[in-house]
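Let me begin by presenting the structure, written as structure tokens, before commenting on it.
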Number of protein chains: 2
Amino acid sequence: MPSLRVTQADVARHAGVSRSAASFVLSGREGVRIPVETRQRIMGAAQELGYRPNRTAQSLRTRKTQTIALIFDDIGATHYAGEMIQGALEAALERDHLLYIAETGSDPVTEEKLVQEMTDRQVDGVILAAMSTRTVRVSEQMRRNPTVLLNCLDEFGEFACVVPDEETAGRHAARLLLDAGHREGVHVVGGHHTTGGTPEGVFAAQKRMSGIEAAMEAAGTRLAGIIECDWSAPEHGYRATRSLLESAFVPTAVICCNDRLAIGACQALRESELRIPEDISLVSFGDPGLASWLRPPVTSVDLPHHELGRTAVSLLLSDDATPAIHRIPMTLSRRGSITAARDA
Amino acid sequence: MPSLRVTQADVARHAGVSRSAASFVLSGREGVRIPVETRQRIMGAAQELGYRPNRTAQSLRTRKTQTIALIFDDIGATHYAGEMIQGALEAALERDHLLYIAETGSDPVTEEKLVQEMTDRQVDGVILAAMSTRTVRVSEQMRRNPTVLLNCLDEFGEFACVVPDEETAGRHAARLLLDAGHREGVHVVGGHHTTGGTPEGVFAAQKRMSGIEAAMEAAGTRLAGIIECDWSAPEHGYRATRSLLESAFVPTAVICCNDRLAIGACQALRESELRIPEDISLVSFGDPGLASWLRPPVTSVDLPHHELGRTAVSLLLSDDATPAIHRIPMTLSRRGSITAARDA
DNA sequence: ATGAAAGCGCTAACAA
DNA sequence: TTGTTAGCGCTTTCAT
């Protein structure tokens, strides 16, 4: 069965030139002088016949596919994956690359298989992405192609990594309250988010907390309290906030370690008839969508998902394989949930 | 520069057989009898040398790439894209396919370009996905490869489409309330979601409403009222619910047309000191994540994002190109926001 | 400057 | 049954 497709040979024949001449012109390579007239004839023929290069054939020859792979551990773990993908797509499209997406489900065997499949298809590079910032082990298989780590770090610092700048974010959050005069009654709901595997606390949490504490210290004060709790659902933020409100000292400001906790905190505050921001100031970290949906909307320092995806792809395609940690600034959205401290 | 890769020829040489024998065995094709001993020798050699097929070369030859493209209009428009992708990935992986993801930004020119790029790479099929259910025009370019429409319909019914079964969902939502004895005071917040482009209402909204109304009618009653409003943010649900509460007849039950409206409705009800479900029953449509985060969690009929993605891929790879509308059941999650009507 | 020719790694028709 | 051979569509070296 002959191909129905228009090939480069067809174009050459139609234009009355050699296949190599057609190749030079159509692939737009420089350094070879082809008469303008011939060039135009070739371009015209291509246009006329509706020629399209066969990328598969090109790839076989050049060993470049103009594709990259974005491999997630668990896409469904958060609502953010879409935005990361969007950022990655944007950067890829700008540089004429297409994006494979895959998911390992955090299973090393699946990861191995997927990376293998990607390699078999000769992708130009692989981005390994985690849904929550953490340290990962990079497999041997992985090392065979250009690699960038997205929202994760490798233990030996051998790769280019892109992560949100959590520490600065923590500093910003605390600074917002400090600037409004909240020096004494600032509590944190969430804390270090310790889990079975990370008794010292989850990476993002550690960084946020150390940023918060550094800012307080720099201002010559300190947190009034930290309520450590699970970050996964509003329920935990609700309970943590309730227990906080039952204590002797009513807080004047609360920092919620993520938006889900902030939802719970709002619920608890409302039940206690505490108004935001009149009675209590609130700031959270997280996802622009959620924080803005609260009533009133909550000021938050948000994860730059789009930018994370974008940067990872840019880095991979820039051939700058320097191992380095690229910290992407988190973005501040003031939404009016902070008011000046009474005693200020 | 010689390839560093182990090729099929290397395996054949190592095993002392012809390249075609190696090809037969390694590609696992049937119908040709190769002695078991030879077969084992080839497999052994492949294993030993760490042979991996070059998919690019295979593709060039067979015109099959074992890849499909999933092209979205706007990934960022909702938080759901991740789940759809996850479902799609799952089905693709099961059948040894890899997935390209792309986004058109609802721009026909970008769509054209992307479909072209996919075609140039010889994808085995294309899925066109919309973030909100609607009718789309399928371009000429698109028609050149096997196509499935995800969360959208084509105007002439020429393609296989996968959409959520909104009408049945509407029926279920109403039935939940009816079964609890709510016959008279049932109000809808959201309505037909009419916009500039769709004066008759957005597809999903129309279907949900007609399902709701059909169920009411089948029970010999009707809605007490419909408050038409924008579906995009909790703010609108809040205002709609407030206006509802200000009217003479206090509702006994409210159906919110999506989860964002439900968030707003909860906020309004709480301000009026109406408890869910003691004073008022609530049911919504949407996203399991959001509805379960409300306090109390709200019973909802949820979009089957995962299943939508899964089905689209399955359909595409099953070669069942029959044009048909596949309606995927929406899933009901009872979360206790409905209680028996007082007069029941 | 142009064209002939040799592959990239694999599949599949055909011959032996 | 096995091996030989001709491509898939493109790039690129090397004579002309």
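Since we're looking at a predicted model, the values are computed, not measured. Numbers restart at 1 for each chain; the letters A, B, ... are given by sequence-line order, proteins then strands.
- Separating the CG atom of L26(B) from the P atom of dA12(C) is a distance of 14 Å, rounded to the nearest angstrom.
- Put simply, S18(A) has a side-chain N or O that comes within less than 4.0 Å of OP1 or OP2 on dG3(C).
- For the side-chain hydrogen bond (donor to acceptor under 3.5 Å, both in side chains) test, residues two or more places apart in sequence or in another chain that qualify with D165(B) are T168(B).
- Between the P atom of dG9(D) and the CZ atom of F24(A) lies a distance of 21 Å, rounded to the nearest Å.
- For the OP1/OP2 pair of dT12(D) and a distance below 4.0 Å, the side-chain nitrogens and oxygens of R19(A) include no atom meeting the criterion.
- A close approach under 4.0 Å does occur between a side-chain nitrogen or oxygen of R63(B) and OP1 or OP2 of dG9(D).
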*Where each pair must be Watson-Crick or G-U wobble with both distances under 3.5 Å, what dot-bracket representation of DNA chain C is obtained, with crossing pairs in [ ] and other-strand partners as |?*
||||||||||||||.|

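- Using a 4.0 Å cutoff on non-hydrogen atoms, the parts of residues 54-62 of chain A near DNA chain C are L60(A), R61(A), ordered by number.
- Put simply, the side chain of S20(B) and the base of dG3(D) share a donor and an acceptor less than 3.5 Å apart.
- Spacing between atom NZ of K64(A) and atom C1' of dC10(D) amounts to 16 Å, rounded to whole angstrom units.
- Phosphate proximity of dT11(D) to S23(A): present, with a side-chain N or O under 4.0 Å from OP1 or OP2.
- Under 4.0 Å is where a charged nitrogen must lie from a carboxylate oxygen, and between E117(B) and K113(B) no such pair does.
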